[in-house]
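Here is the structure we will look at, set down as structure tokens.
Atom set for the values below is all heavy atoms of this structure, side chains included, hydrogens, waters and symmetry mates excluded. Worth saying up front: this structure is predicted, and the values here are computed from it rather than measured. Sequence lines set the chain letters: A, B, ... in the order given, protein chains first and strands last, and positions in each chain run from 1.
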Protein chains: 2
Amino acid sequence: MELNEQLKLENQLCFSVYACSREITKMYRPYLDKLGITYPQYLVLLVLWEQHETTVKALGAELYLDSGTLTPLLKRMEESGLVRRERSKEDERKVMVRLTTKGEELRDEASIIPDAMATNSGLSKEEFTKALSGFQQLLDHIHSVNDKK
Amino acid sequence: MELNEQLKLENQLCFSVYACSREITKMYRPYLDKLGITYPQYLVLLVLWEQHETTVKALGAELYLDSGTLTPLLKRMEESGLVRRERSKEDERKVMVRLTTKGEELRDEASIIPDAMATNSGLSKEEFTKALSGFQQLLDHIHSVNDKK
DNA sequence: AATATTTAAATTGTGCACAATTTAATTTTA
DNA sequence: TAAAATTAAATTGTGCACAATTTAAATATT
């Protein structure tokens with residue numbers, strides 16, 4: 001690609017990923033609005049539906065987010081009655097995050113979302129699987145490059 | 001995929017796109033820091049380096065952003081001397097956005113970025129092209145689905 | 001021409017993201 | 001074991017995103 005072409009917006013992989021991410025979030029919004037949660041809050045719930053209990057640190061490692069983002073986000077989720085936060089007895093530096101009954105119950109309401117989103121994305125099952133593994137690979141690679149510094 | 005698997009974080013295309021987008025932004029940061037700009041500001045410059053002059057509306061259509069995001073962003077860019085904003089004489093509803101000399105000159109400094117990012121992403125030229133077109137397709141599709149409502 | 005509708009930005013308010021710093025607890029080291 | 005280093009959250013401050021509303025100008029209707 002010639003040097004002039006390289007700085008065109010349409011040739012930026014970064015832009016298509018960035019715009020895609022935001023459009024995907026918009027696609028989720030009507031569904032998440034019904035549950036009274038935001039997209040990052042939905043991601044926290046996905047983790048907690050698998051693990052029931054975790055720490056801010058572990059959550060951050062899974063979602064690639066730090067305490068600066070998670071602390072206020074989890075406080076909002078606590079206020080809306082979805083999670084409980086309390087200091088660990090064994091290690092008081094750690095804050096345990098646990099689902100409430102309300103948080104547990106939201107799982108049933110959310111169970112329809114993945115199918116709805118898969119349909120809306122317009123990808124076949126094979127395309128979806130392929131795209132997913134492509135992204136995870138790219139994500140892993142870039143994350144390791146970023147962390148090296 | 002069984003219903004239980006569908007709600008696992010690792011199976012969410014949305015999450016890998018979301019995390020990827022943020023990791024890519026982090027990868028750009030050291031380069032953009034040198035230029036004194038943020039990632040969304042870089043995207044605005046990419047458009048202006050192609051067009052030299054545009055409107056808030058047109059910029060929003062290209063970047064999928066609205067005036068609520070762009071107005072304060074462009075004001076910051078104006079403060080740092082990269083662009084000028086002024087009401088159009090022909091249609092006073094429109095605000096024209098133009099590059100300053102400083103904004104123009106930043107292009108040379110930025111010209112090394114695409115190659116550096118391509119290298120860091122760890123994708124071959126073919127993989128890059130393929131990933132790019134895959135995303136643009138997904139983006140177009142989701143954007144049209146979102147706009148239909 | 002006067003009124004209604006549409007359009008383009010700006011404004012307001014909420015919720016992320018994230019760098020940088022602070023606070024407090026735990027672990028390591030001298 | 002006392003001091004230093006590390007670790008986990010919280011805090012502070014800046015900059016997006018975006019829904020919803022407001023303001024003002026242009027266009028369409030009656």
Toward the 5' end of DNA chain C, by each residue's nearest nucleotide, Lys26(B) or Asp91(A): Lys26(B)
Nearest-nucleotide 5' precedence on DNA chain C, Lys57(B) against Asp66(A): Lys57(B)
Expressed in angstrom and rounded to an integer, what is the separation of [X] atom [atom1] from [N] atom [atom2]?
X: Ile24(B); N: dC18(C); atom1: CD1; atom2: P; answer: 13 Å
X: Glu86(B); N: dA10(C); atom1: CD; atom2: P; answer: 13 Å
X: Met96(A); N: dA8(D); atom1: CE; atom2: P; answer: 13 Å
X: Glu92(A); N: dT23(C); atom1: CD; atom2: P; answer: 18 Å

Are Tyr18(A) and Gln12(A) side-chain neighbours, meaning at least one heavy-atom pair lies under 4.5 Å? no
Please tell me if the side chains of Leu73(A) and Arg76(A) come closer than 4.5 Å, counting only heavy atoms from C-beta onward. yes
Mapping Pro72(A) and Arg22(A) onto DNA chain D by nearest heavy atom, which one lands closer to the 5' end? Pro72(A)
Whichever of Arg87(A) and Arg93(A) has its nearest DNA chain D nucleotide further upstream toward 5': Arg93(A)
Do Glu62(B) and Gln51(B) meet the criterion of a side-chain donor-acceptor pair at a distance under 3.5 Å? yes
For dA10(C), does the base pair up with any side-chain atom of Ser67(B) as donor and acceptor (N or O, under 3.5 Å, distance only)? yes
Ring-plane angle category for Phe15(B) and Tyr64(A), please: parallel below 30°, perpendicular beyond 60°, tilted otherwise. tilted
Heavy atoms under 4.0 Å, any strand shown: does Thr55(A) hit a base, just sugar-phosphate, or nothing? sugar-phosphate
Using a heavy-atom cut-off of 4.0 Å across all strands, would you classify Thr69(B) as base, sugar-phosphate, or nothing? base
